[in-house]
Amino acid sequence: MKSSANPGDLVEVHLSKTIYEGTLLESSEKGIVLLKLDTGYNIGFNKKDILEIKVLKKASLKTEKLEIKKDFQKPNIALILTGGTIANRYDSKTGAVAPLSSPEELFKFYPEIFEIANVAKIEVPFMKASEDMDYKDWQKIAKITKELLNDSNIKGVIVAHGTDTLHYTSSALSFFIKDLNKPVVLTYSQRSSDRASSDAALNLKCSALAAISDIAEVMLVGHGSTNDDFCYAMPGTKVRKLHSSKRDAFKVVNAEPFAKIFPAPAGVHQEGARTSSRPANTESGGNRIEILREYNLRNNKKVKLDLKFEEKIALLKFYPGQDPNILNYYLKNKYKGIIIEASGLGHVPALTSKNSWIPILKEIVSKGIFVGITTQCIYGRVDPYVYSNLRKLHEIGALFLEDMLAETAFVKLGWVLGHPEWNVKEKMLENISGELNDRLGG
Ligand code: DGL
């Protein structure tokens, strides 16, 4: 089989019964032809099975010279790239992804963000899938964020991050950063920039608008619906990933979003939505920010950090029939605190059950290990006073953590236990960064 096709070309691969269309990739395996399909997936063929490779469109050979015009009318923002789909570019020749690390590259892939602001600085502390991150990565991001927030040339900071554990990082930044003066926006994409269905452009536009707004909060900004129409700016300690693939993967839980953000449609004159000195809806150049609740206003404070963190902590999900001896692992390995994602109002087997957790939990608590109870329900709060088995758990010293989300409670516990001088129970029930919402009903 002879073909004039080169990597990067749009081709049709003809097999005896089927024809596949996609972008030809460089293949490292002899005898194998690799194709990137429209769905984003790669498919490999044995050369001997191919009847013909028909070129539909040659890859563009011209090397574009990218020039980003700085627009001094536009505000400067900074971007921290940490990994995930949003921070990678797709190479049409190899099919591989590599990090975007210069303003020029960023401009090529995401020109939309530059319609709203100058991306004056890009920092790349590491490139990781977010499931590979831990508290040390959260600390690194916080340190860079602080430097950028204290730079008078920068109006706001965007952190581009994988989706899977983004809400852990947003919680960590909410506790680590003190005296916040400007917006800190965490954003993502579920689908890569080479796919027509990518959510990256809208999320970045919304994030740029949030970063230059007067909302001085740690917030997660992303699609508000499955359409490409608006985003929510969501509080960093009250948000969860609730869908594994949809664009509106994140939802605020047990609270309200700060705002709805409507970027101007393409082609409409764009500039940042004007900021005001008090919480108010803003509209400018076709961009609109609709405020939904009160927030901390942009100010002139100098940001400080409190990065202390105890790593011997665990988050444990209860399931029916679970052997409570699993808790002995934490006891033996000298853990300092455990968050239990219990069922419903905060239940684990107690009283008469043969699998009662009460004796082991009693021992754990008596050894000074903190036990916090959250719910594995998506919404709502725990309550130790409704059933007698809940009271039992309460009596042995487990702390019911109100409406705090389990992931947030886990991050907060590490941070609180990092301060041995603090009263852990008091601090866990003190609303430090919007993690508790007493206005939420029972
Ligand atoms: N596993 C994902 C992560 O959280 C990669 C894809 C994404 O960006 O969500 O990093």
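Each ligand, and each atom within it, is numbered from 1 in the order the structure gives. In what follows, every heavy atom counts, from backbone to side chain, and hydrogens, waters and symmetry copies are set aside.
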* H223 pairs by side-chain hydrogen bond (donor to acceptor under 3.5 Å, both in side chains) with which of N203, D199, D229, D248? -> N203
* Structure fact -> Taken in chain and number order and not counting sequence neighbours, the residues that satisfy ring pair (Phe, Tyr, Trp, His ring centres under 6.0 Å) with F370 are none
* Taking side-chain hydrogen bond (donor to acceptor under 3.5 Å, both in side chains) as the test, write out the residues that go with K304, two or more places apart. => D179
* **salt bridge (Lys or Arg N to Asp or Glu O under 4.0 Å) partners of D383, counting only residues at least two apart** => none
* Using distance alone, with no hydrogens and no angle criterion, decide if T163 and Q190 have a side-chain donor and acceptor under 3.5 Å apart. => yes
Could you list each nitrogen or oxygen of ligand 1 that sits under 3.5 Å from a protein nitrogen or oxygen, with the atom names and the distance?
residue: ligand 1; atom: 1 (N); partner: E131; partner atom: OE1; Å: 2.8
residue: ligand 1; atom: 1 (N); partner: E131; partner atom: OE2; Å: 3.3
residue: ligand 1; atom: 1 (N); partner: D164; partner atom: OD2; Å: 3.1
residue: ligand 1; atom: 4 (O); partner: S130; partner atom: OG; Å: 2.5
residue: ligand 1; atom: 4 (O); partner: T163; partner atom: N; Å: 3.2
residue: ligand 1; atom: 4 (O); partner: D164; partner atom: N; Å: 2.9
residue: ligand 1; atom: 8 (O); partner: T85; partner atom: N; Å: 2.8
residue: ligand 1; atom: 8 (O); partner: T85; partner atom: OG1; Å: 3.0
residue: ligand 1; atom: 9 (O); partner: T163; partner atom: N; Å: 3.0
residue: ligand 1; atom: 9 (O); partner: T163; partner atom: OG1; Å: 2.4
residue: ligand 1; atom: 10 (O); partner: S130; partner atom: N; Å: 2.7

* Hey, is the main chain of K301 close enough, under 3.5 Å, to the side chain of N299 for a donor-acceptor pair? -> yes
